[in-house]
Amino acid sequence: METVVIISQILLYLSLSILVGSFILLLVPNKYRPEIRVAKKYLLISAITVPVFSFVPVLDIILYIAPRLGGIESFKLVLTTYTVGNAWKFTLVGSVVLILFIYMIWPPHKKLYSCLGLILTFGLILSLAWSSHSGTIDPIIGIISDFTHLAAVSIWVGIVLVMGWGARNYKNWVEFLNWFSIVAFSCLVMTAISGLLMMDLIVDHYVESWMVSYGQGILFKHLSLLPLVFYALINGLLMKFLISKNYNFNPIPWIRLEGLILLGVFAITAFYSIQPPPHGNYLSNEAVSPLFRLFHDAPIEAGTTIGFAGGPNTIYFLFLSFLFIGLMILSFFKKAPIIVSLLFSSLFVLCIYFTLMISVVVS
């Protein structure tokens, strides 16, 4: 069931991003973006799947307690007394309103309609933030930070995905980059600040949390942001120069690559969001992540701390990480296929990860 929950959360984030990105791009005047195609059926599918995918974690809890209370009683209990159940009811109502809205007014002939659709989608994101780990720990700071985090990422991912796979041409691409670069940077800053606030609530000690699965997920997410920022800079700065020199230069594959990396970040987020957060007295030998065990098999108990010490292997993997950065740059200038650049990016993240894990000293 854990795998099903992870997949459902990835698809949930994807659906929300498509909705947010579509509504925002339709608010932008045509002269500031390429022509895009946003099919009604895709928005309807996205809106319909939001309550379906968001129900999977609720179902997971119901199935967990059903052997003791029975299916019907468990269903009633979760939907009436659990925060995740109450939040899902709001998600369901909001999704129904959004589905009817899209069905009746699409395509929107007025900017107001796109604005209303965006507000409804942010309402769904708010209901998800209500049921999050941080929202449960602190109903004010937790919900606000989780909402800001998911909203900022949805804006960034949504615009990238809709533009990458919905653009009919790359006319006005420089005009698009002029405002999107600011939006993407703002989303990155908002994501970082809200992420730090959530970590302060959920994670007692960041480095020590690497010993459990939740901390491993956060670490992978943070490392995945490095190639993401790299390609965001390429799309935001270098792309303008290349298009000015060669009007026929096609930037779409590179924004698609940025979108694929963002989807990878979604996948990592979905994985660790279902893990027990490292908060309170969480550390025990049984709770240690299998990934962390690959590098350190010493007994772990409450009070165990992590330090760092370099060595030949640390230098070796650090050297490889710089090598893959160079290959990422080279793949761009050589116009290599997206899959090649994605491979170099993944290997870069793995090398940085190995560098950190090998240098860890458990005490």
Side-chain angles (χ1 to χ4, degrees), residues 6 9-10 12-14 16-17 20 24 54 57 82-84 86-88 90-91 94 118-119 121-160 182-226 228-229 232 261-283 287 289 305-306 349 356:
I6 292 173
Q9 296 310 287
I10 296 172
L12 172 62
Y13 300 149
L14 178 61
L16 290 170
S17 297
V20 171
I24 288 178
S54 61
Y82 282 56
T83 301
V84 67
N86 287 317
W88 181 79
F90 279 89
T91 302
L118 188 62
I119 292 172
T121 307
F122 281 144
L124 298 179
I125 294 175
L126 182 60
S127 68
L128 295 173
W130 178 18
S131 63
S132 64
H133 287 314
S134 56
T136 304
I137 295 173
D138 190 317
I140 298 177
I141 301 298
I143 292 176
I144 292 174
S145 58
D146 195 89
F147 169 77
T148 304
H149 197 79
L150 185 52
V153 174
S154 297
I155 292 170
W156 189 357
V157 179
I159 294 175
V160 167
I182 299 173
V183 170
F185 178 76
S186 301
C187 289
L188 179 63
V189 172
M190 291 170 60
T191 302
I193 294 174
S194 58
L196 289 173
L197 289 173
M198 288 192 292
M199 280 180 54
D200 186 56
L201 291 174
I202 299 173
V203 181
D204 288 338
H205 302 285
Y206 174 62
V207 176
E208 276 72 23
S209 74
W210 293 358
M211 290 184 278
V212 297
S213 295
Y214 194 98
Q216 286 282 307
I218 292 180
L219 176 60
F220 264 112
K221 179 179 179 178
H222 291 165
L223 295 180
S224 298
L225 293 177
L226 297 177
L228 177 61
V229 171
I261 296 175
L262 283 164
L263 288 178
V265 174
F266 268 170
I268 296 169
T269 303
F271 165 76
Y272 78 74
S273 65
I274 68 169
Q275 306 296 323
H279 184 74
N281 188 21
Y282 65 91
L283 195 56
S289 166
T305 59
I306 284 180
V349 170
L356 292 172

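All values below were derived from every heavy atom in this structure, side-chain atoms included, with hydrogens, water molecules and symmetry-related copies excluded. Just so it is clear, the structure is predicted and the values come from calculations on it, not from any experiment.
- With a 4.5 Å cut-off on side-chain heavy atoms, I155 and I159 count as touching.
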Listed pairs under 3.5 Å, donor-acceptor, residues 189-196 side chains, sequence neighbours left out:
residue	atom	partner	partner atom	Å
T191	OG1	C187	O	2.6
S194	OG	H149	ND1	3.0
S194	OG	M190	O	2.7
S194	OG	T191	O	3.2

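- A heavy-atom distance below 4.5 Å is found between the side chains of L12 and L128.
- Looking at residues two or more places apart in sequence or on another chain, you find a side-chain contact (heavy atoms from CB on, under 4.5 Å) between L228 and W156, L225, E258, I261, L262.
- S131 and V84 make their closest contact through CB-CA, 3.7 Å (heavy atoms, listed as atom of the first residue, atom of the second, distance).
- Scanning for ring pair (Phe, Tyr, Trp, His ring centres under 6.0 Å) contacts around F220 gives Y353, with sequence neighbours left out.
- Residues V349 and S224 share a closest heavy-atom pair of CG2-CA, 4.1 Å.
- A pairwise comparison of heavy atoms in L124 and G94 identifies CD2-C, 3.6 Å as the closest pair.
- The side-chain hydrogen bond (donor to acceptor under 3.5 Å, both in side chains) check on T91 picks up S127, with sequence neighbours excluded.
- Taking the side-chain contact (heavy atoms from CB on, under 4.5 Å) definition, one finds that I144 meets it with I140, T148, sequence neighbours left out.
- No option in T121, I143, L150 other than I143 meets the side-chain contact (heavy atoms from CB on, under 4.5 Å) test with L126.
- Annotation: side-chain hydrogen bond (donor to acceptor under 3.5 Å, both in side chains) contacts of S17 (sequence neighbours excluded): none.
- Looking at residues two or more places apart in sequence or on another chain, you find a side-chain contact (heavy atoms from CB on, under 4.5 Å) between I182 and S186.
- For F185, the ring pair (Phe, Tyr, Trp, His ring centres under 6.0 Å) test picks out no residue, with sequence neighbours left out.
- When side chains are defined from C-beta on, W130 counts as touching N86, because their heavy atoms get closer than 4.5 Å.
- With sequence neighbours excluded, the residues satisfying side-chain contact (heavy atoms from CB on, under 4.5 Å) with L118 are V20, F23, I24, L27, F122.
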